Amino acid sequence: MILGMDVSHGSPGHSDIPSIAAVVSSRQWPLISRYRATVHTHSPKVEMIDSLFKKVSDKKDQRIIRELLLDFYVSSGKRKPDQIIIFRSVSLMM
């Protein structure tokens, strides 16, 4: 399974505008060129994606990673990924 993640921020000087967090993942093994995308609003000007996990209990999570893993599992004929490769774009603000 391949994941790609990035956060896009508003224009400089507009610290009240939410950032946008996007995550894409391959969704059907072995056709890794088929992807699913998720987009969420995010805390302004923060690079750390805060909506990847949301623990509900010891066995439950309700956020992006769980959603994408379930989609991979269903679309790949109930196959779990053997490996997960993550590409993360980070822009450092100076």
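This structure is a prediction, so every number in the text was calculated from the model and none was measured.
Every residue meeting the salt bridge (Lys or Arg N to Asp or Glu O under 4.0 Å) condition with Arg36, not counting sequence neighbours, appears here in chain and number order: Glu67, Asp71.
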**Request:** Walk me through it: do Ile20 and Val7 pass the test side-chain contact (heavy atoms from CB on, under 4.5 Å)?
**Result:** CA-CA 6 Å; Ile20 302 296; Val7 178; over 6 Å; no
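Hydrophobic clustering keeps Val39 apart from Ile65 (ILVMFWY residues linked when any side-chain heavy atoms are closer than 4.5 Å, directly or through intermediates). Note on Ile49: it clusters hydrophobically with Tyr35, by side-chain heavy-atom contacts below 4.5 Å among ILVMFWY residues. Cluster annotation: Phe87 is connected to Ile64 through the hydrophobic network of ILVMFWY side chains, with a link wherever side-chain heavy atoms come within less than 4.5 Å.
Across all their heavy atoms, Pro44 and Pro18 have their closest contact at CG-CA, 4.1 Å. Closest heavy-atom contact between Met1 and Leu68: CE-O, 3.5 Å. The minimum heavy-atom distance between His9 and Lys45, with the atom names listed, is ND1-CA, 3.5 Å.
Between the side chain of Ser25 and the backbone N or O of Ile2, no donor-acceptor pair lies under 3.5 Å. Without hydrogens or angle criteria, His42 side chain to Met48 main chain gives a donor-acceptor distance under 3.5 Å.
Using a 4.5 Å heavy-atom threshold, the side chains of Leu69 and Pro81 count as touching. Residues Val24 and Thr38 fail the side-chain proximity criterion, which asks for heavy atoms closer than 4.5 Å.
Between Arg79 atom CZ and Phe72 atom CZ the span is 6.5 Å, to the nearest 0.5 Å. If you take CZ on Arg88 and CE on Met5, they are separated by 7.5 Å, rounding to the nearest 0.5 Å.
Sorted pairs that involve residues 9-24 and meet salt bridge (Lys or Arg N to Asp or Glu O under 4.0 Å), not counting sequence neighbours, are lacking altogether.
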